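Okay, so here's the structure we're looking at.
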Number of protein chains: 2
Amino acid sequence: MLSKKAKYGLKALEYIAKQDQTIPVQTSDISLAESIPRKFLETILLDLKKNEILLSIQGKNGGYLLKLPPSEITIGRVVRLFDGPIALLPCVSSNFYEPCEDCENEAFCGLKNIFAEVREATGSILDKLSLKDILRREFELKKKKQLSNNKTSCSNKK
Amino acid sequence: MLSKKAKYGLKALEYIAKQDQTIPVQTSDISLAESIPRKFLETILLDLKKNEILLSIQGKNGGYLLKLPPSEITIGRVVRLFDGPIALLPCVSSNFYEPCEDCENEAFCGLKNIFAEVREATGSILDKLSLKDILRREFELKKKKQLSNNKTSCSNKK
DNA sequence: TGAAAACCCTACTAAACTAATAGAGTTTTT
DNA sequence: AAAAACTCTATTAGTTTAGTAGGGTTTTCA
């Protein structure tokens, strides 16, 4: 499962991406809107800043802005930042590879073979999709819902 | 990442599946062969027994046997038994679904939409593949290696 | 120029989880 | 009856998680 940090981080980024990109977004706004404990959120946003995903503006009226366009902030990057490897076994991780200490012949390991497949499936989604895709999907879901609402009200009228 | 329990559990099952299915396999044998702490392994095998994946024979010369054919013991079942949900968010889990307490409108959540895709990709692999597939892949990897070894020795002779 | 508003940073903590370990009990064989 | 195995529960040391506390620094603006 995703940690709270990863989940909150993604939600915070999504929130920032939805705002006017010229005005910094403040921790307290995000905290309120997304129900994330304020102090906890501070450490999360700081992590995102250190990882060059956000930039901050200090002082009164300060806040956070995206450092990259939403299309370049992948879900995978954020997940890895907070939760480490995406792979289920260290021996199939691309970014955090470690040999299995208890595995005698990694090259012939059926388990590794299968979890490599899982890691490939997961990684190819998380590294392909970005903040922009989250926003797009949200938009599409809402549009779809609106269409079906219209249909309903139509048939009701008749 | 997979817990040690899940990993050890899978390795133990693999080991048992490779033996003669008429003679019970003993904890100490598995412990030795797979470098799994004996006492820890005991609790793992007990979990597998309670979950109806293994059956046990008590007393001297006792041990464990598969309760199901290898093709019916899926990786997903074993992973879920030890580590819980395969999904990265509770709201996209099939077997352990829980609504996100901090999510106001789950139906329009872009995050949920994406992690549902991940869960589908992962689940469809883990629930399709079984112990039998681990064994099969191991066999194929070794066969492949042997073939390439033969080729090498051929070209060396020449 | 100073107070308020905001981010910055480190340390701490309670609770939960992980990876075992301990030790005694039960069952079966020989 | 002794030995060999599985059975079961409790305990424990270490780590991780999800925060919290409490300042510090920077900037704005009246």
Side-chain angles (χ1 to χ4, degrees), chain A residues 1-12 16 23-32 34-67 79 81-85 88-90 96 100-102, chain B residues 1-12 16 23-32 34-67 79 81-85 88-90 96 100-102:
Chain A
M1 296 280 251
L2 237 50
S3 71
K4 291 273 185 184
K5 273 200 172 182
K7 190 182 166 192
Y8 289 162
L10 285 167
K11 290 185 76 175
I16 296 171
I23 301 169
V25 183
Q26 292 170 4
T27 309
S28 52
D29 286 349
I30 306 172
S31 164
L32 206 63
E34 302 291 339
S35 321
I36 304 172
R38 195 180 179 295
K39 279 302 226 175
F40 194 32
L41 181 58
E42 275 186 8
T43 66
I44 292 167
L45 295 177
L46 224 42
D47 284 342
L48 288 167
K49 187 202 156 193
K50 283 177 187 154
N51 201 257
E52 316 258 288
I53 292 172
L54 290 178
L55 55 83
S56 68
I57 291 166
Q58 285 217 52
K60 195 172 173 185
N61 301 327
Y64 291 94
L65 291 169
L66 297 181
K67 192 166 182 181
V79 169
L81 169 60
F82 292 112
D83 290 356
L88 291 176
L89 292 177
F96 299 83
C100 290
E101 71 291 341
D102 53 309
Chain B
M1 296 281 252
L2 238 50
S3 70
K4 292 272 185 183
K5 273 199 172 182
K7 191 182 165 191
Y8 290 162
L10 285 167
K11 290 184 77 174
I16 296 171
I23 301 169
V25 183
Q26 291 170 4
T27 310
S28 53
D29 286 348
I30 307 172
S31 163
L32 206 63
E34 302 291 338
S35 321
I36 303 172
R38 195 181 180 293
K39 278 302 224 175
F40 194 31
L41 181 58
E42 277 185 6
T43 67
I44 292 167
L45 296 176
L46 222 41
D47 284 342
L48 287 166
K49 186 203 158 191
K50 283 176 186 153
N51 200 257
E52 317 256 290
I53 292 172
L54 289 178
L55 56 82
S56 68
I57 291 164
Q58 285 216 53
K60 195 174 172 182
N61 301 329
Y64 291 95
L65 291 169
L66 297 182
K67 191 166 182 181
V79 169
L81 168 60
F82 292 112
D83 290 355
L88 292 175
L89 292 177
F96 299 85
C100 290
E101 71 291 341
D102 54 311

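Bear in mind that the values here come from a model prediction, so they are computed numbers and not experimental data. Naming: A, B, ... by sequence-line order, numbering from 1 per chain.
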Looking only at the side chain of [X] (C-beta and beyond, no hydrogens), which of the listed nucleotides [options] gets closest?
{"X": "B:K4", "options": "C:dA20, D:dT25, D:dA4", "answer": "C:dA20"}
{"X": "B:S56", "options": "D:dT9, D:dT27, D:dC6", "answer": "D:dC6"}
{"X": "A:Q58", "options": "D:dA18, D:dT7, D:dT25", "answer": "D:dT25"}
{"X": "B:L46", "options": "D:dG19, C:dT21, D:dT7", "answer": "D:dT7"}
{"X": "B:K60", "options": "C:dT30, D:dT7, C:dA19", "answer": "C:dT30"}
{"X": "B:S3", "options": "C:dT21, D:dG19, C:dA19", "answer": "C:dA19"}

Length of the [atom1]-[atom2] vector between [X] and [N], whole Å:
{"X": "A:Y64", "N": "D:dT27", "atom1": "OH", "atom2": "P", "result": "14 Å"}
{"X": "B:L2", "N": "C:dA19", "atom1": "CG", "atom2": "C1'", "result": "14 Å"}
{"X": "B:L81", "N": "C:dT18", "atom1": "CG", "atom2": "P", "result": "13 Å"}
{"X": "B:K5", "N": "C:dT21", "atom1": "NZ", "atom2": "C1'", "result": "13 Å"}
{"X": "B:D47", "N": "C:dT18", "atom1": "CG", "atom2": "C1'", "result": "14 Å"}
{"X": "B:L55", "N": "D:dA5", "atom1": "CG", "atom2": "P", "result": "18 Å"}
{"X": "B:E42", "N": "C:dG23", "atom1": "CD", "atom2": "C1'", "result": "11 Å"}
{"X": "B:K50", "N": "D:dC8", "atom1": "NZ", "atom2": "P", "result": "5 Å"}

Sugar-phosphate only, base, or nothing, as touched by [X] at under 4.0 Å among non-hydrogen atoms:
{"X": "A:F82", "result": "nothing"}
{"X": "A:G59", "result": "base"}
{"X": "A:S28", "result": "nothing"}
{"X": "B:K39", "result": "base"}

Is any side-chain heavy atom of [X] closer than 4.5 Å to a side-chain heavy atom of [Y]?
{"X": "A:I44", "Y": "A:F82", "answer": "yes"}
{"X": "A:K5", "Y": "A:D47", "answer": "yes"}
{"X": "B:Y64", "Y": "B:S56", "answer": "yes"}
{"X": "A:L65", "Y": "A:L54", "answer": "no"}
{"X": "A:L45", "Y": "A:I30", "answer": "yes"}

Practice task
Check if the side chain of A:Q26 and the base of C:dC7 share a donor-acceptor pair of N or O atoms closer than 3.5 Å.
Solution key: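 No pair found.
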Handout entry: Heavy-atom closest contact (A:F96 atom, A:G84 atom, distance)
Key =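 For A:F96 versus A:G84, the nearest heavy atoms are CE1-C, 3.7 Å.
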Problem - First of B:I57 and A:R38 reached from the 5' end of DNA chain D, by closest nucleotide - result: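 Closest to the 5' end, via its nearest nucleotide, is B:I57.
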Handout entry: Position toward the 5' end of DNA chain D (nearest nucleotide), B:T27 or A:T43
Key =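 This one resolves to B:T27.
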Problem - side-chain N/O B:N61 vs C:dT28 OP1/OP2, d < 4.0 Å - result: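 Looking at the OP1 and OP2 atoms of C:dT28, neither is under 4.0 Å from any side-chain N or O of B:N61.
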